[in-house]
Amino acid sequence: MKKTSLGIVGVGHHLPGAPVSNEAVAETASVDIEWIRERTGIESRHYAAPEALTSDLATQAARRAIEVAPIGADMIAVGTSTPDRLSPSTACYVQRNLGLSGGPALDVSAGCSGFLYALSVATAMVAAGLARRPLVVAVDVLTRFVDPTDRRVAPLFGDAAGAVQLGPVPDGYGILALELWADGTLSEIAGLPLHGGYFQMDGRGVKRVVMEMGPKILEAALAKAGVRLDQLNRVLVHQANPKLVRWLGDFVGLPPEVVPDYGRLTGNTAGASVPVAFSMAHAERPFRDGDLFALLAVGAGMTGGAAIVRWHDPAAAA
(Lines give C-alpha, C1' and ligand atoms only; values in the text may rest on other atoms or scores of the structure.)
Protein backbone atom coordinates (compact mmCIF):
# COMPACT_ATOMS: atom_id res chain seq x y z
CA MET A 1 0.00 0.00 0.00
CA LYS A 2 1.35 3.42 -0.94
CA LYS A 3 2.11 5.76 1.95
CA THR A 4 -0.13 8.83 2.07
CA SER A 5 -0.12 12.19 3.81
CA LEU A 6 -2.86 14.60 4.85
CA GLY A 7 -3.55 17.44 2.45
CA ILE A 8 -6.08 20.01 1.32
CA VAL A 9 -8.28 18.40 -1.31
CA GLY A 10 -11.12 20.95 -1.47
CA VAL A 11 -11.49 24.66 -0.71
CA GLY A 12 -14.33 27.19 -0.72
CA HIS A 13 -15.40 30.51 0.74
CA HIS A 14 -18.51 32.62 1.25
CA LEU A 15 -18.84 36.42 1.25
CA PRO A 16 -22.36 37.39 2.34
CA GLY A 17 -24.46 39.94 0.47
CA ALA A 18 -23.32 42.72 -1.83
CA PRO A 19 -20.05 44.61 -1.32
CA VAL A 20 -20.30 47.52 1.11
CA SER A 21 -18.47 50.54 -0.26
CA ASN A 22 -16.17 52.96 1.53
CA GLU A 23 -18.76 55.63 0.88
CA ALA A 24 -21.33 53.76 2.97
CA VAL A 25 -18.91 53.18 5.83
CA ALA A 26 -17.54 56.73 5.72
CA GLU A 27 -20.97 58.24 6.13
CA THR A 28 -21.77 56.25 9.28
CA ALA A 29 -18.32 56.58 10.83
CA SER A 30 -17.93 60.27 9.88
CA VAL A 31 -14.60 59.63 8.24
CA ASP A 32 -13.17 60.77 4.91
CA ILE A 33 -13.31 58.23 2.08
CA GLU A 34 -9.73 58.97 1.04
CA TRP A 35 -8.58 58.42 4.62
CA ILE A 36 -9.95 54.85 4.50
CA ARG A 37 -8.29 54.16 1.17
CA GLU A 38 -4.94 55.72 2.06
CA ARG A 39 -4.65 54.37 5.61
CA THR A 40 -5.94 50.84 4.96
CA GLY A 41 -6.12 50.14 1.22
CA ILE A 42 -9.57 48.57 1.72
CA GLU A 43 -12.10 49.31 -1.02
CA SER A 44 -15.08 47.20 0.07
CA ARG A 45 -16.24 44.58 2.53
CA HIS A 46 -19.29 42.33 3.09
CA TYR A 47 -21.78 42.32 5.97
CA ALA A 48 -23.89 39.34 7.00
CA ALA A 49 -27.65 39.91 6.98
CA PRO A 50 -29.15 40.60 10.45
CA GLU A 51 -30.92 37.24 10.47
CA ALA A 52 -27.89 35.24 9.29
CA LEU A 53 -26.13 33.03 11.83
CA THR A 54 -22.42 32.41 12.01
CA SER A 55 -23.18 28.76 11.22
CA ASP A 56 -25.08 29.84 8.09
CA LEU A 57 -21.98 31.48 6.63
CA ALA A 58 -19.83 28.55 7.70
CA THR A 59 -22.21 26.08 6.06
CA GLN A 60 -22.08 27.95 2.75
CA ALA A 61 -18.28 27.87 2.65
CA ALA A 62 -18.18 24.24 3.81
CA ARG A 63 -20.59 23.14 1.08
CA ARG A 64 -18.34 24.66 -1.57
CA ALA A 65 -15.30 22.89 -0.18
CA ILE A 66 -16.96 19.49 0.00
CA GLU A 67 -18.52 19.90 -3.46
CA VAL A 68 -14.97 20.05 -4.81
CA ALA A 69 -13.99 16.96 -2.82
CA PRO A 70 -17.06 14.91 -1.83
CA ILE A 71 -15.07 12.32 0.11
CA GLY A 72 -17.30 12.25 3.19
CA ALA A 73 -16.04 14.51 5.98
CA ASP A 74 -15.84 12.61 9.26
CA MET A 75 -14.97 15.54 11.53
CA ILE A 76 -15.66 19.29 11.65
CA ALA A 77 -13.45 21.88 13.32
CA VAL A 78 -14.64 25.49 13.25
CA GLY A 79 -12.40 28.42 14.11
CA THR A 80 -14.49 31.38 15.26
CA SER A 81 -14.63 34.21 17.79
CA THR A 82 -18.30 34.91 17.07
CA PRO A 83 -20.15 31.61 17.61
CA ASP A 84 -23.91 31.18 17.28
CA ARG A 85 -24.06 30.43 21.01
CA LEU A 86 -21.60 29.67 23.78
CA SER A 87 -23.00 26.13 23.65
CA PRO A 88 -23.55 23.99 21.61
CA SER A 89 -20.57 24.62 19.37
CA THR A 90 -21.04 26.28 15.99
CA ALA A 91 -19.44 23.16 14.53
CA CYS A 92 -22.41 21.09 15.73
CA TYR A 93 -24.80 23.39 13.88
CA VAL A 94 -22.67 23.19 10.73
CA GLN A 95 -22.61 19.41 11.07
CA ARG A 96 -26.41 19.35 11.33
CA ASN A 97 -26.81 21.66 8.33
CA LEU A 98 -24.58 19.46 6.21
CA GLY A 99 -26.14 16.18 7.32
CA LEU A 100 -22.82 14.83 8.58
CA SER A 101 -23.77 13.75 12.09
CA GLY A 102 -21.68 11.15 13.86
CA GLY A 103 -18.10 12.40 13.82
CA PRO A 104 -16.42 14.85 16.18
CA ALA A 105 -17.46 18.51 15.93
CA LEU A 106 -15.78 21.28 17.88
CA ASP A 107 -14.98 25.00 17.92
CA VAL A 108 -11.57 26.61 18.32
CA SER A 109 -11.14 30.19 19.53
CA ALA A 110 -7.85 31.85 18.58
CA GLY A 111 -8.83 35.20 17.08
CA CYS A 112 -7.51 35.84 13.60
CA SER A 113 -5.30 32.75 13.92
CA GLY A 114 -8.40 30.59 14.37
CA PHE A 115 -8.07 28.79 11.04
CA LEU A 116 -4.45 27.74 11.65
CA TYR A 117 -5.35 26.55 15.16
CA ALA A 118 -8.37 24.60 13.86
CA LEU A 119 -6.26 23.12 11.06
CA SER A 120 -3.67 22.01 13.62
CA VAL A 121 -6.35 20.41 15.82
CA ALA A 122 -7.79 18.54 12.83
CA THR A 123 -4.34 17.34 11.78
CA ALA A 124 -3.64 16.10 15.31
CA MET A 125 -7.01 14.30 15.40
CA VAL A 126 -6.04 12.43 12.23
CA ALA A 127 -2.67 11.52 13.74
CA ALA A 128 -4.51 10.22 16.83
CA GLY A 129 -6.77 8.03 14.72
CA LEU A 130 -9.91 10.00 15.61
CA ALA A 131 -10.61 11.19 12.06
CA ARG A 132 -9.44 10.63 8.50
CA ARG A 133 -11.16 13.32 6.45
CA PRO A 134 -11.65 16.48 8.57
CA LEU A 135 -13.52 19.53 7.36
CA VAL A 136 -11.95 22.74 8.69
CA VAL A 137 -13.94 25.97 8.63
CA ALA A 138 -13.14 29.48 9.84
CA VAL A 139 -15.91 32.04 10.14
CA ASP A 140 -16.54 35.37 11.84
CA VAL A 141 -19.28 38.01 11.81
CA LEU A 142 -17.22 40.53 13.71
CA THR A 143 -19.02 43.54 12.23
CA ARG A 144 -21.84 42.89 14.73
CA PHE A 145 -19.39 43.65 17.52
CA VAL A 146 -17.81 46.74 15.97
CA ASP A 147 -19.02 50.26 16.80
CA PRO A 148 -20.18 51.56 13.39
CA THR A 149 -19.31 55.12 14.46
CA ASP A 150 -15.72 54.25 15.45
CA ARG A 151 -13.64 55.72 12.63
CA ARG A 152 -10.55 53.75 13.71
CA VAL A 153 -12.16 50.31 13.57
CA ALA A 154 -15.44 50.37 11.58
CA PRO A 155 -13.85 50.71 8.10
CA LEU A 156 -11.59 47.70 8.66
CA PHE A 157 -13.90 44.74 9.15
CA GLY A 158 -16.12 42.48 7.06
CA ASP A 159 -17.89 39.15 7.54
CA ALA A 160 -16.95 35.90 5.76
CA ALA A 161 -16.30 32.18 5.99
CA GLY A 162 -13.69 29.93 4.43
CA ALA A 163 -13.33 26.15 4.47
CA VAL A 164 -11.01 23.34 3.44
CA GLN A 165 -11.68 19.64 3.12
CA LEU A 166 -8.72 17.55 4.21
CA GLY A 167 -7.98 14.11 2.88
CA PRO A 168 -5.26 11.67 1.83
CA VAL A 169 -2.70 12.80 -0.75
CA PRO A 170 0.47 11.07 -1.99
CA ASP A 171 3.44 11.05 0.36
CA GLY A 172 5.49 14.23 0.02
CA TYR A 173 2.42 16.36 -0.68
CA GLY A 174 -0.06 17.98 1.66
CA ILE A 175 0.59 19.63 5.01
CA LEU A 176 4.35 19.53 5.48
CA ALA A 177 4.58 21.53 8.70
CA LEU A 178 2.53 23.48 11.21
CA GLU A 179 3.63 26.09 13.75
CA LEU A 180 1.60 27.73 16.51
CA TRP A 181 2.40 30.56 18.94
CA ALA A 182 0.67 32.56 21.67
CA ASP A 183 1.59 35.16 24.27
CA GLY A 184 -1.18 35.85 26.78
CA THR A 185 0.70 38.82 28.23
CA LEU A 186 -0.36 40.67 25.06
CA SER A 187 -4.05 39.84 25.50
CA GLU A 188 -5.12 43.46 25.95
CA ILE A 189 -3.95 44.54 22.49
CA ALA A 190 -7.12 43.29 20.81
CA GLY A 191 -10.24 41.59 22.08
CA LEU A 192 -13.99 41.21 22.30
CA PRO A 193 -15.77 41.49 25.70
CA LEU A 194 -18.09 38.62 26.65
CA HIS A 195 -20.81 40.72 28.26
CA GLY A 196 -21.59 43.68 26.02
CA GLY A 197 -19.27 46.28 24.59
CA TYR A 198 -17.52 46.55 21.25
CA PHE A 199 -14.40 44.98 19.82
CA GLN A 200 -11.36 46.96 20.92
CA MET A 201 -7.98 47.08 19.22
CA ASP A 202 -4.68 48.90 19.62
CA GLY A 203 -3.76 49.20 15.95
CA ARG A 204 -0.14 50.14 16.55
CA GLY A 205 0.26 47.29 19.02
CA VAL A 206 -1.20 44.81 16.54
CA LYS A 207 1.12 46.01 13.78
CA ARG A 208 4.14 45.73 16.07
CA VAL A 209 3.35 42.12 17.01
CA VAL A 210 2.51 41.15 13.41
CA MET A 211 5.79 42.54 12.09
CA GLU A 212 7.80 40.97 14.90
CA MET A 213 6.18 37.55 15.17
CA GLY A 214 4.81 36.92 11.67
CA PRO A 215 8.24 36.38 10.06
CA LYS A 216 9.44 34.32 13.06
CA ILE A 217 6.43 32.00 12.93
CA LEU A 218 6.81 31.58 9.17
CA GLU A 219 10.54 30.89 9.55
CA ALA A 220 9.90 28.23 12.18
CA ALA A 221 7.33 26.47 9.97
CA LEU A 222 9.68 26.59 6.98
CA ALA A 223 12.47 25.02 9.06
CA LYS A 224 10.18 22.19 10.15
CA ALA A 225 9.21 21.54 6.53
CA GLY A 226 12.77 21.78 5.22
CA VAL A 227 11.67 24.46 2.76
CA ARG A 228 13.32 27.79 1.92
CA LEU A 229 11.40 31.05 1.74
CA ASP A 230 12.37 31.54 -1.91
CA GLN A 231 10.82 28.17 -2.80
CA LEU A 232 7.31 29.34 -1.88
CA ASN A 233 5.02 29.98 -4.84
CA ARG A 234 2.59 31.96 -2.67
CA VAL A 235 2.13 33.10 0.89
CA LEU A 236 -1.47 33.67 2.01
CA VAL A 237 -1.42 35.86 5.10
CA HIS A 238 -4.13 37.17 7.38
CA GLN A 239 -5.66 40.07 5.47
CA ALA A 240 -5.71 42.57 8.33
CA ASN A 241 -5.55 45.32 5.71
CA PRO A 242 -3.75 45.65 2.37
CA LYS A 243 -1.17 48.07 3.76
CA LEU A 244 -0.10 45.65 6.48
CA VAL A 245 -0.03 42.73 4.03
CA ARG A 246 2.33 44.67 1.78
CA TRP A 247 4.52 45.80 4.68
CA LEU A 248 4.87 42.19 5.76
CA GLY A 249 5.66 41.04 2.22
CA ASP A 250 8.31 43.72 1.81
CA PHE A 251 9.77 42.90 5.22
CA VAL A 252 10.42 39.27 4.27
CA GLY A 253 11.45 40.23 0.73
CA LEU A 254 8.58 38.70 -1.25
CA PRO A 255 6.82 40.48 -4.15
CA PRO A 256 3.05 41.13 -4.43
CA GLU A 257 2.52 38.20 -6.80
CA VAL A 258 3.78 35.86 -4.05
CA VAL A 259 2.04 37.67 -1.16
CA PRO A 260 -1.27 38.69 -2.80
CA ASP A 261 -3.79 41.09 -1.31
CA TYR A 262 -7.47 40.19 -1.19
CA GLY A 263 -8.36 42.28 1.83
CA ARG A 264 -9.06 45.26 -0.41
CA LEU A 265 -12.23 43.40 -1.48
CA THR A 266 -13.15 41.75 1.83
CA GLY A 267 -11.81 43.90 4.63
CA ASN A 268 -10.48 42.16 7.72
CA THR A 269 -12.62 39.03 8.12
CA ALA A 270 -10.82 37.95 11.31
CA GLY A 271 -10.45 34.16 11.61
CA ALA A 272 -11.96 33.59 8.15
CA SER A 273 -9.31 35.73 6.50
CA VAL A 274 -6.67 33.08 5.73
CA PRO A 275 -8.94 30.39 4.17
CA VAL A 276 -10.87 33.08 2.26
CA ALA A 277 -7.61 34.46 0.84
CA PHE A 278 -6.49 30.91 0.00
CA SER A 279 -9.78 30.16 -1.76
CA MET A 280 -9.71 33.44 -3.69
CA ALA A 281 -6.09 32.85 -4.70
CA HIS A 282 -6.89 29.37 -6.00
CA ALA A 283 -9.89 30.71 -7.95
CA GLU A 284 -7.85 33.55 -9.44
CA ARG A 285 -4.75 31.51 -10.30
CA PRO A 286 -5.18 27.80 -9.56
CA PHE A 287 -2.36 26.09 -7.74
CA ARG A 288 -0.41 23.61 -9.83
CA ASP A 289 0.75 20.17 -8.80
CA GLY A 290 3.80 20.51 -6.56
CA ASP A 291 3.31 24.20 -5.77
CA LEU A 292 4.53 25.15 -2.32
CA PHE A 293 2.59 27.72 -0.33
CA ALA A 294 2.38 29.06 3.19
CA LEU A 295 -0.60 30.12 5.27
CA LEU A 296 0.18 32.66 8.00
CA ALA A 297 -1.78 34.58 10.62
CA VAL A 298 -1.22 36.64 13.75
CA GLY A 299 -4.25 37.70 15.78
CA ALA A 300 -5.86 38.49 19.10
CA GLY A 301 -4.46 36.67 22.09
CA MET A 302 -1.94 37.42 20.84
CA THR A 303 -1.81 34.23 18.81
CA GLY A 304 -0.15 33.14 15.60
CA GLY A 305 0.14 30.18 13.29
CA ALA A 306 1.60 29.01 10.01
CA ALA A 307 1.28 26.03 7.69
CA ILE A 308 3.53 24.92 4.84
CA VAL A 309 1.66 22.95 2.18
CA ARG A 310 2.60 21.23 -1.07
CA TRP A 311 -0.36 21.20 -3.44
CA HIS A 312 -1.48 17.95 -5.05
CA ASP A 313 -3.47 18.04 -8.26
CA PRO A 314 -4.99 14.61 -8.95
CA ALA A 315 -5.42 15.52 -12.62
CA ALA A 316 -1.64 15.89 -13.00
CA ALA A 317 -1.13 12.28 -11.99
CA ALA A 318 -3.91 10.93 -14.20
Side-chain angles (χ1 to χ4, degrees), residues 4-16 46 48 52-80 83-84 88-108 114-127 130-141 159-170 173-175 236 269 271-284 286-287 289 293 295 307 309-318:
T4 61
S5 301
L6 185 68
I8 298 172
V9 296
V11 59
H13 71 278
H14 176 65
L15 300 173
H46 293 251
L53 300 173
T54 296
S55 59
D56 293 334
L57 275 66
T59 300
Q60 292 281 2
R63 281 200 174 110
R64 289 170 183 169
I66 61 181
E67 283 171 1
V68 175
I71 60 175
D74 59 3
M75 171 195 168
I76 300 176
V78 173
T80 186
D84 287 2
S89 69
T90 300
C92 282
Y93 290 118
V94 174
Q95 186 194 65
R96 178 195 64 187
N97 294 345
L98 296 173
L100 294 173
S101 298
L106 57 93
D107 288 358
V108 178
F115 175 74
L116 274 307
Y117 269 69
L119 182 68
S120 298
V121 169
T123 302
M125 295 279 271
V126 171
L130 296 172
R132 295 181 59 198
R133 302 174 300 278
L135 177 65
V136 181
V137 187
V139 55
D140 275 308
V141 288
D159 302 328
V164 296
Q165 173 67 64
L166 303 182
V169 295
Y173 288 88
I175 300 168
L236 288 314
T269 58
S273 171
V274 168
V276 169
F278 171 49
S279 180
M280 294 177 76
H282 187 50
E284 180 182 62
F287 290 96
D289 190 68
F293 62 91
L295 306 174
V309 183
R310 189 185 301 276
W311 186 255
H312 173 60
D313 181 0

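Along the sequence shown, residues carry numbers from 1.
- Side-chain N or O atoms of H14 include none that pairs as donor or acceptor with a backbone N or O of A161 at under 3.5 Å.
- At least one donor-acceptor pair under 3.5 Å links the side chain of D74 to the backbone N or O of R133.
- What you find for V78 and V94 is that their closest heavy atoms are CG2-CG2, 4.5 Å.
- In terms of modelled atom types and a separation under 3.5 Å, the side chain of D289 and the main chain of D313 share a donor-acceptor contact.
- Note that CG of L100 and CD1 of I76 are 5.0 Å apart. Values are rounded to the nearest 0.5 Å.
- A donor-acceptor pair under 3.5 Å is absent between the side-chain atoms of S279 and the main chain of P275, judged by distance alone.
- By the 4.5 Å heavy-atom criterion applied to side chains, T54 and P83 are not counted as neighbours.
- The backbone N or O of T90 lies less than 3.5 Å from a partner atom in the side chain of D107, making a donor-acceptor pair.
- Atom-to-atom distance recorded for F293:CZ and I8:CD1 is 4.5 Å, nearest 0.5 angstrom.
- Looking at V9 and H312, their side chains never come closer than 4.5 Å, going by heavy atoms from C-beta outward.
- Between P286 and A283, the shortest heavy-atom contact is CD-O, 4.4 Å.
- The aromatic rings of F278 and W311 lie perpendicular to each other, with more than 60° between the two planes, well past the 30° mark.
- Atom CD1 of I66 sits about 6.5 Å away from atom CG of L135, to the nearest 0.5 Å.
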Full working for side-chain contact (heavy atoms from CB on, under 4.5 Å) between L166 and V126: CA-CA 10 Å; L166 303 182; V126 171; 5.9 Å; no

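- Between A160 and T269, the shortest heavy-atom contact is CB-CG2, 3.6 Å.
- Counting only distance, with no hydrogens or angles, the side chain of N97 and the backbone of T59 share no donor-acceptor pair below 3.5 Å.
- Side chains of M125 and P104 form a contact here, defined as non-hydrogen atoms less than 4.5 Å apart.
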Yes or no on side-chain contact (heavy atoms from CB on, under 4.5 Å) for L119 and V274, after CA distance, side-chain angles and deciding distance? CA-CA 11 Å; L119 182 68; V274 168; over 6 Å; no

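- Across all non-hydrogen atoms, the minimal contact from L236 to A277 is CD1-O, 3.9 Å.
- Taking all atoms of both residues into account, the shortest heavy-atom contact from M75 to A122 is CE-CA, 3.8 Å.
- Judged by distance alone, the side chain of Q95 and the main-chain N or O of G103 form a donor-acceptor pair under 3.5 Å.
- Although no hydrogens or angles enter the test, the distance criterion places a donor-acceptor pair under 3.5 Å between the side chain of T80 and the main chain of V139.
- Separation of atoms OG (S55) and CZ (R96) is listed at 6.5 Å; rounding is to 0.5 Å.
- Judged by distance alone, with hydrogens and angles left aside, the side-chain atoms of Q165 form no donor-acceptor pair with the main-chain N or O of V11 at under 3.5 Å.
- The two residues A138 and G271 make their nearest non-hydrogen contact at CB-O, 3.2 Å.
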